[in-house]
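All heavy atoms count here, side chains included; hydrogens, waters and symmetry mates do not. In the text below, chain A, chain B and the rest are named by the order of the sequence lines, each starting its count at 1.
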Amino acid sequence: MSGGGCSIVWFRRDLRVEDNPALAAGVRAGSVVAVFIWAPEEEGPYYPGRVSRWWLKQSLSHLDSSLRSLGTALVAKRSTDSVSSLLELVKATGATQLFFNHLYDPLSLIRDHRAKEVLTAQGVTVRSFNADLLYEPWEVSDEQGRPFTTFADFWERCLSMPFDPEAPLLPPKRIISGDISRCPSDTLVFEDESEKGSNALLARAWSPGWSNADKALTTFINGPLIEYSENRRKADSATTSFLSPHLHFGEVSVRKLFHLVRIKQVLWANEGNKAGEESVNLFLKSIGLREYSRYMSFNHPYSLERPLLGHLKFFPWVVDENYFKAWRQGRTGYPLVDAGMRELWATGWLHDRIRVVVSSFFVKVLQLPWRWGMKYFWDTLLDADLESDALGWQYISGTLPDGREFDRIDNPQFEGYKFDPNGEYVRRWLPELARLPTEWIHHPWNAPESVLQAAGIELGSNYPLPIVGIDAAKAHLQEALSIMWQHEAASRAAIENGTEEGLGDSSEFAPIAFPQDVQMEEEIAPAPSPEPARNHNHLPGSTRRYEDQMVPSITSLVRAEDEETSSDVRNSVGDSRGEVPATNMNVNMDHDPPRTDVMEANNPGAFQAVRTNANNPRPHNNFTMGIHSAAEDSTAESSSTTSRRERDGGVVPVWSPSASAYSDQFVGDENGIGASSSYLPRHPQSHQIVNWRRLSQTG
DNA sequence: GTTAGTTTCTT
DNA sequence: AGAAACTAA
């Protein structure tokens, strides 16, 4: 807490003034320069989607006005290299300290570590804090001090930690502004002209910004929370918390949320309110999953990229861009799946249950590479969150030790009657099926011709027949699994013979690149709303594209496509056409918002379903990551199980891009993780094979 | 109470 | 698919 110069408080995904430890530290230390650096190129392939950028824009302006009312302002910088920008800011302001809150995705860990190194070398005191989690990932481990590998154990431990999560901090009363006269803000561009119309609709349903988040939190806790458990199974119930986008950008503090929910928990427990208690536990569990997603990302940085269970890398995914397209456009022939995909397309929002349905269908029935689906979610979801989505897709894909069985296929027809028993959800999003009786709504292909005729449906033209039958999918999956095990056995044999080093790195089994000719972010014209627009046929100001989307029929969808191909350049996700590097450290120096001439000739080759382990070999990582103990941090504690924690200057185990391998410290030994896993009894073959040390490097 | 059959849930 | 939690006699 040296006196003298001012502090830079670097905002990222902690866009709030309440319970913001970095900001609090800055305020305590004296004068503050609050900064946000927009450097999307640093995110590699994960340039935020349109709705996500819209949210960010609103949230930042909200934060800026809050800071202004407290005595300073938010300095906004456009950059392709956050660390350089920080250095410039240090020079321009004479700051002697830098404070920020932790992030846990691999890119941030590396960048933030570099920021610490570079700025410390310049004589700047750098301190970082936990603002995003109840407990830091390195605080939660089993009796042997190793990270958990199953959620249930992890969460049980979190709920019985010897010390409570930090109590939330109040917002500062006043902020003394550092001298920002020499660092003018850049104008940040978060949307282009073509996106403005669609974005205008978002504001009807959502209010970004930390104080709105706080209101949403209070509303939820005092209202729908008690029925959370009751209502969770309905596809379009308006009783989810709707906090996820707020949480993604750190507008609301999980710790505050946790404390408030805990108060209700105690209250309802005393009242013997069974439903309330169950609801609380369920809701907390979803908070736990969010925690766990960061935990996994931190402990297994490659899990955004590659299956956590090593043998899954041998699965022969179906690389079929037509399947992918049909899924995105809601034309799979399975009403519940299609309704979900149309809702996502139109609104950027999807109930959790439906996310499971559509992603499970994607992986198990279509057998498309899960990362494609994950990328599409990233591009389209309003609450897109890399760590959470990676965890979700890995769970669905059966690539987690405690995920779903890989060979399990859910039948969308049955799920339809489970989550949407009266077909209301399907009818809302698939107007072409609106007149179909409930009896057939989730399996129109079985309906008698007369019924279809009466409903105005002609399967195959009006609404598609299932693009893949469930039985065919099951057979296909079995076949694929046996191929997978063969490859796996061959690989294991090669390793045991010592003839093979790094098979997992060989391009043959590298992750499958994204389709080259696919526009990852479709033309989405959203009207996201807890209650999806009822009057969607005549929304004022809606573009024609919007109507095409909202009154979907095969013809209008096809027409919309044709237009796409022929019309002008539209915005697309910057790097979406490229491959997804495991971690892209090559900064794109283009300062303009990524803009891509989207349309290329359709690739005829794409029209064949190809079983492949990997087409398009991709470049290898040119570096590896390692985690060391936090030796360089003066505040480091060697044992994370001790109950004392530093509120200030939290300790982050050091990330080093140059370390040659994953540190043993964070990887179970050969048998360690597997032995306790519930996965093994179900998949005894994998008992010997899963080499967890390798897994962390390659799998 | 007991037991066999049924539904629900799984991160 | 399998366990756990429910129901119906």
Between dC6(C) atom C1' and K274(A) atom NZ, what is the distance in whole Å?
-> 12 Å
Test applied, ring pair (Phe, Tyr, Trp, His ring centres under 6.0 Å); reference residue, Y228(A); option that passes from F283(A), F242(A), W268(A) | F283(A)
Would N281(A) and Q265(A) count as a side-chain hydrogen bond (donor to acceptor under 3.5 Å, both in side chains) if you check the C-alpha gap in whole Å, the side-chain angles of each, and the deciding distance to 0.1 Å?
-> CA-CA 8 Å; N281(A) 288 335; Q265(A) 187 177 38; 3.1 Å; yes
Between dA5(C) (P) and E278(A) (CD): distance, integer Å = 12 Å
Interface limits on DNA chain B, where chain A has a heavy atom under 4.0 Å of a nucleotide atom = dC9(B) to dT11(B)
If you count the non-hydrogen atoms of other residues, nucleotides and ligands that lie under 6.0 Å from CD in E156(A), is the total more than 12?
-> no
Which residues share a side-chain hydrogen bond (donor to acceptor under 3.5 Å, both in side chains) with D352(A), sequence neighbours left out | none
pair E387(A)-M296(A): side-chain heavy atoms closer than 4.5 Å | no
Within residues 279-295 of chain A, find the residues that approach DNA chain B with a heavy atom at under 4.0 Å, and present them sorted by residue number.
-> K285(A), L289(A)
Residues pairing under salt bridge (Lys or Arg N to Asp or Glu O under 4.0 Å) where one sits in residues 263-281 of chain A, two or more places apart or in two chains, turn out to be R232(A)-E278(A)
Can you list the residues that meet the side-chain hydrogen bond (donor to acceptor under 3.5 Å, both in side chains) rule with D383(A), with sequence neighbours excluded?
-> S244(A), R355(A)
With D14(A), which residues qualify under salt bridge (charged side-chain N to carboxylate O under 4.0 Å, His left out), at least two apart?
-> none
